Amino acid sequence: MTIIVTGGAGFIGGNFIHYYLKKHPGDRVICLDKLTYAGNLSTLKPVMDNPDFRFVRADICDREAVEKLFEEEKPDVVVNFAAESHVDRSIENPEIFLQTNIIGTEVLMDACRKYGITRYHQVSTDEVYGDLPLDRPDLFFTEKTPIHTSSPYSSSKAGADLLVLAYHRTYGLPVTISRCSNNYGPYHFPEKLIPLMIANALNDKPLPVYGEGVNVRDWLYVEDHCRAIDLIIRNGKVGEVYNVGGHNEMKNIDIVRLICKELGKPESLITYVTDRKGHDMRYAIDPTKIHNELGWLPETKFADGIKKTIKWYLENKEWWEEIISGEYQNYYEKMYDKR
Ligand code: NAD
Ligand code: DAU
């Protein structure tokens with residue numbers, strides 16, 4: 001089987017490539033990635049010499065480049081991770097989100113139609129469902145929850161999801177969609193909550209918690225997400241959406257406190273800063289469908305996953321120190337200095 005993985009130099013796509021090459025030796029894996037600020041070739045260093053693997057630098061919005069790759073590789077399966085993924089950046093500049101997340105999805109699916117594939121899988125997010133109130137712990141997102149987005153990022157992801165379902169209905173494209181909760185683990189870009197707090201704590205810098213830190217996210221170890229996607233592309237029903245999440249809800253402030261404790265850093269580093277605009281209160285996935293239909297269950301408990309993650313950041317300082325020493329400095333100043 002030949003599989004194109006877009007966005008494979010990013011956090012989840014990179015973890016997926018590592019997972020997939022180990023799990024399915026002999027399958028051909030091609031990573032298509034533009035290498036934006038979030039893409040990092042050092043994430044793929046361990047597999048660069050693997051004969052089953054090829055890296056191609058290209059933009060998913062570039063029709064000519066995408067078609068050339070399909071012509072050369074004749075993929076069976078396409079898994080689309082490529083996206084602008086950070087909510088705060090989407091609030092600053094929505095346009096690139098609409099371009100990559102919606103138009104890029106269209107270009108990829110057009111190539112799938114033209115060359116023929118057995119599956120197009122769209123990696124979506126629980127954020128398309130909007131948020132849940134903090135005082136209703138009985139409520140969860142199911143696949144039937146209406147789309148109701150809050151940020152330019154989630155709106156662009158929802159737009160892409162609707163397009164994917166439309167390509168299935170109109171053209172019969174064999175698609176599936178997964179909507180996962182917050183991931184954490186190795187190779188996570190340090191603009192996101194967990195890696196940012198680990199990096200700042202290790203550098204004894206303030207830990208900027210938005211608002212009162214009471215917002216709730218449902219955290220899943222990245223490898224559990226990768227396994228879910230692998231199951232969906234093999235055994236999932238065409239035309240279906242699968243929610244992925246591990247019933248692991250935590251308040252932001254509790255995560256930051258836990259990171260301080262694990263690293264032996266004082267909680268006095270915690271600094272409350274101006275809240276994110278339109279900040280979603282709570283995400284909580286009901287994963288019953290993927291469990292009942294595909295037998296998926298998360299394998300890594302948060303208590304173990306966060307320890308493994310912190311250990312990875314301690315042992316792979318060169319990976320994230322290189323990131324935070326570059327253009328990231330300007331981003332950090334812009335987002336946090338006067339917050
Ligand atoms: P990321 O920002 O770490 O990586 C995105 C990757 O896509 C980068 O390698 C980047 O270079 C590449 N890319 C961006 N624009 C591109 C373009 N136009 N053409 C080709 N490549 C491009 O993102 P992530 O956190 O790994 O998320 C991957 C996917 O999973 C996204 O679609 C995101 O919406 C979804 N998702 C993320 C989470 C999470 O917690 N991180 C949870 C659920 C779903
Ligand atoms: O739920 C899935 C989504 O999870 C994905 O679709 C997104 O691509 C991914 O970025 C993530 O979105 P969030 O907005 O939930 O993740 P983030 O790490 O940016 O923030 C997590 C929570 O922490 C959120 O409530 C905002 C808060 N936060 C974040 C940062 C970066 C802070 O309090 N301080 C910070 O500095």
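All ligand and atom numbering here is 1-based and tracks the order in the structure. What you see is a predicted model, and the numbers here were worked out from it, not measured in a lab.
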For [atom], what's the nearest protein heavy-atom neighbour? Residue, atom name and distance, please.
| atom | answer |
| --- | --- |
| atom 4 (O) of ligand 2 | N182 ND2, 3.1 Å |
| atom 34 (N) of ligand 2 | P208 O, 2.8 Å |
| atom 2 (C) of ligand 2 | D126 OD1, 3.2 Å |
| atom 27 (C) of ligand 2 | N252 ND2, 3.4 Å |

Inset, instruction - Assess E191 for proximity to ligand 2: is some non-hydrogen atom of it under 4.0 Å away? - result: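 Contact present.
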Inset, instruction - Work out whether the distance between some heavy atom of K157 and some atom of ligand 2 is less than 4.0 Å. - result: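 Judged by the 4.0 Å heavy-atom criterion, K157 does not count as contacting ligand 2.
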Inset, instruction - Find out whether M48 and F55 are in side-chain contact, i.e. whether some heavy atom of one side chain is under 4.5 Å from a heavy atom of the other. - result: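 Contact flag for M48/F55 side chains = yes.
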Inset, instruction - Compare all side-chain heavy atoms of Y272 with those of I270 and state whether any distance is below 4.5 angstrom. - result: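 Yes, their side chains come closer than 4.5 Å.
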Inset, instruction - Taking ring pair (Phe, Tyr, Trp, His ring centres under 6.0 Å) as the test, write out the residues that go with H168, two or more places apart. - result: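 Residues passing ring pair (Phe, Tyr, Trp, His ring centres under 6.0 Å) with H168: none at all.
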Legend entry - Charged N-O contact under 4.0 Å between D161 and R179: yes
Legend entry - Cationic N near anionic O, under 4.0 Å, K251 to E212: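 Not counted as a salt bridge, because no side-chain N and carboxylate O are separated by less than 4.0 Å.
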Legend entry - Expected output: side-chain D62 to main-chain A65 donor-acceptor under 3.5 Å: yes
Inset, instruction - For H279, counting its heavy atoms only, list the atoms of ligand 2 lying under 4.0 Å from any of them. - result: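 Near H279, the atoms of ligand 2 are 24 (C), 25 (O), 26 (C).
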Legend entry - Qualifying residue for side-chain hydrogen bond (donor to acceptor under 3.5 Å, both in side chains) with T176, from R119, K237, E240: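 Output: one option passes, namely R119.
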Legend entry - Option with minimal heavy-atom separation from atom 6 (O) of ligand 2, where the choices are F11, Y129, Y332, Y153: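 Going through F11, Y129, Y332, Y153 one by one, Y153 has the nearest heavy atom to atom 6 (O) of ligand 2.
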Legend entry - From Y210, F189, Y184, Y336 - option closest to atom 32 (C) of ligand 2 by heavy atom: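 The nearest heavy atom belongs to Y210.
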Inset, instruction - Would you please say whether a donor-acceptor pair under 3.5 Å links the side chains of N200 and Y332? - result: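 Present: a donor and an acceptor within the cut-off.
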Sequence neighbours excluded and cut-off under 3.5 Å, please list the side-chain donor-acceptor pairs for residues 290-306, or say none.
{"residue": "H291", "atom": "ND1", "partner": "W296", "partner atom": "O", "Å": "3.2"}
{"residue": "E293", "atom": "OE1", "partner": "Y242", "partner atom": "OH", "Å": "2.9"}
{"residue": "W296", "atom": "NE1", "partner": "D224", "partner atom": "O", "Å": "3.0"}

Legend entry - Close-range residues for ligand 1, whose non-hydrogen atoms fall below the 4.0 Å threshold: G7, A9, G10, F11, I12, D33, K34, L35, T36, A38, G39, A58, D59, I60, F81, A82, A83, S85, T100, V123, S124, T125, Y153, K157, C180, S181, N182, N183
Legend entry - ligand 2 to T125 polar contact by distance, N or O atoms, under 3.5 Å: yes
Legend entry - Proximity of L193 to ligand 2 by residue part, where a heavy atom lies under 4.0 Å: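 Both backbone and side chain.
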Legend entry - Proximity to ligand 2 by part of K192, non-hydrogen separation under 4.0 Å: both
Legend entry - By side chain to side chain contact (heavy atoms under 4.5 Å, CB included) - contacts of N203 (at least two apart):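 With neighbours one apart ignored, the set is K205, W320, I324.
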Inset, instruction - Check the surroundings of atom CD in E315: do more than 12 heavy atoms from other residues, nucleotides or ligands lie under 6.0 Å from it? - result: yes
Inset, instruction - Could you tell me if the ring centre of Y37 sits under 6.0 Å from that of Y328? - result: no
